Engineer: 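This structure is in structure tokens; I'll ask about it shortly.
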Amino acid sequence: MSLVVGRLELAHPVLNASGTWDAVHAQRLFGEANPGLAGFVTKTVTPQPRPGNPAPRIAPALGGLINSIGLPGPGIDAFCATLLPELAGIVEGPVVCSVGGFSVADYVASVERLDAHPACAALELNVSCPNVESGCASIGADATETEALVRAARAATTKPLWVKLSASVSDIAEIARAAETGGADALVCINTVKGTAVDRRTGRSWLGGGGGGLSGPAIRPVALHAVLACREATDLDIVGLGGVATADDARDLLAAGAQAVAIGTMLFADPSAARRVRDGLAQAA
Ligand code: RRO
């Protein structure tokens, strides 16, 4: 089942969604950092350390969950010095570093650092986080800004460059074409879909951050539609994700035009989901 996705070699087509699996904790708990995964996609890293959003950060939804995590993290210095070398020592397969920020300069600063870091095999530009006020998803909602960002990142690295898109935009095909024109090697479709939850006692948002992103089986049809639209719009490889829980869900995304898939929300409920999906895909092959 080995393949090349967006210039990155993978032993099979199953990855994790950024921010949904703690490989360091899993190594301690299970003796395996990324069971069933062909590599490991890190939580999105920003130039400066960030605390993330106030609690509550999670709300249940029919067929999924809504998160408002708010891009917490150690910042690129600590990430490169400590977490990334540790990850490279424990995970099977390549480490894909997810990068976020609030300006082109933010992204380029991290991309340059990761280009020089031997433990980073590929980069994912997250232009689709629903939980920050500026940057990220607001860049990825605009084709001109997306193209400029990808072009600047492309100039800063020779490593495989993937771009993670949101379906919460008016025309994902236009954004996908912009990423291709800017020099991306692959698209990652899709991030969580903008959503929120109401606290009925107050009538205000249940989530500390106000807004959130919906993930899980509820967004499968949205993900399928986005992958189809990106497949028609570009020649780029696609990592498809959004509610993958079974090998059949993965097959649907592959049939829609993805080359690989990622699992996110299901990993919270079933840490063996990646292995199950990988083995299910192998049986059909
Ligand atoms: O941290 C988050 O709140 C977050 C991120 Br960076 C993202 O890309 N997608 C998401 O649903 N949450």
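Start at 1 with the first residue, then count along the sequence. Only a predicted model underlies this, so the values are computations on that prediction, with no experimental measurement involved. No hydrogens, no waters, no symmetry mates; every other heavy atom, side chains included, goes into these values. One-based numbering, in listed order, for ligands and for the atoms of each.
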Engineer: Evaluate E232 against R177 for salt bridge (Lys or Arg N to Asp or Glu O under 4.0 Å), listing each step before the verdict.
Structural biologist: CA-CA 10 Å; E232 281 175 19; R177 275 190 294 269; over 6 Å; no
Engineer: N131 heavy atoms, cut-off 4.0 Å: which ligand 1 atoms fall inside?
Structural biologist: 2 (C), 3 (O), 4 (C), 12 (N)
Engineer: Report yes if the side chains of P271 and W21 come closer than 4.5 Å at any heavy-atom pair, otherwise no.
Structural biologist: yes
Engineer: For ligand 1 and T192, I'd like to know whether there is a polar contact (N/O to N/O, distance under 3.5 Å).
Structural biologist: yes
Engineer: Mark up the atoms of ligand 1 that fall under 4.0 Å of a heavy atom belonging to N67, in ascending order.
Structural biologist: 2 (C), 3 (O), 4 (C), 10 (C), 11 (O), 12 (N)
Engineer: For ligand 1, is there an N or O atom under 3.5 Å from any N or O atom of T44?
Structural biologist: no
Engineer: Would you call E147 and R154 a salt bridge, taking side-chain N to carboxylate O under 4.0 Å as the test?
Structural biologist: no
Engineer: Which atoms of ligand 1 are found less than 4.0 Å from any heavy atom of L71?
Structural biologist: 1 (O), 2 (C), 3 (O), 6 (Br)
Engineer: Considering non-hydrogen atoms of the protein only, which is the closest contact for atom 1 (O) of ligand 1, and what is the distance?
Structural biologist: K43 NZ, 2.6 Å
Engineer: Would you mind running through ligand 1 and noting each atom that sits below 4.0 Å from a heavy atom of N191?
Structural biologist: 7 (C), 8 (O), 9 (N), 10 (C), 11 (O)
Engineer: Is R7 paired with D185 through a side-chain N to carboxylate O contact shorter than 4.0 Å?
Structural biologist: yes
Engineer: Hey, does the side chain of D115 reach the backbone of T158 with a donor-acceptor pair shorter than 3.5 angstrom?
Structural biologist: yes
Engineer: Report the part of K164 (side chain from C-beta onward, or backbone N, CA, C, O) that has a heavy atom under 4.0 Å from ligand 1; answer both or neither where that applies.
Structural biologist: neither
Engineer: Using a 3.5 Å cut-off on N or O atoms only, is N126 in polar contact with ligand 1?
Structural biologist: yes
Engineer: Taking all atoms of both residues into account, what is the closest heavy-atom pair of I90 and A33, and its distance?
Structural biologist: O-CB, 3.5 Å
Engineer: Examine F268 and L207 and state if one hydrophobic cluster contains both, with Ile, Leu, Val, Met, Phe, Trp and Tyr joined whenever side-chain heavy atoms are less than 4.5 Å apart.
Structural biologist: no
Engineer: Look only at interatomic distance and state if P72 has a nitrogen or oxygen under 3.5 Å from any nitrogen or oxygen of ligand 1.
Structural biologist: no
Engineer: Can a non-hydrogen atom of G19 be found less than 4.0 Å from any atom of ligand 1?
Structural biologist: no
Engineer: Please check: side-chain N/O of R50 versus main-chain N/O of G73, any donor-acceptor pairing under 3.5 Å?
Structural biologist: no
Engineer: Return yes if a side-chain donor-acceptor contact under 3.5 Å exists between T192 and S215, otherwise no.
Structural biologist: no
Engineer: If we only consider heavy atoms of P130, is any one of them less than 4.0 Å away from an atom in ligand 1?
Structural biologist: yes
Engineer: Should you measure from each heavy atom of C129, which atoms of ligand 1 turn up under 4.0 Å away?
Structural biologist: 2 (C), 4 (C), 5 (C), 6 (Br), 7 (C), 8 (O)
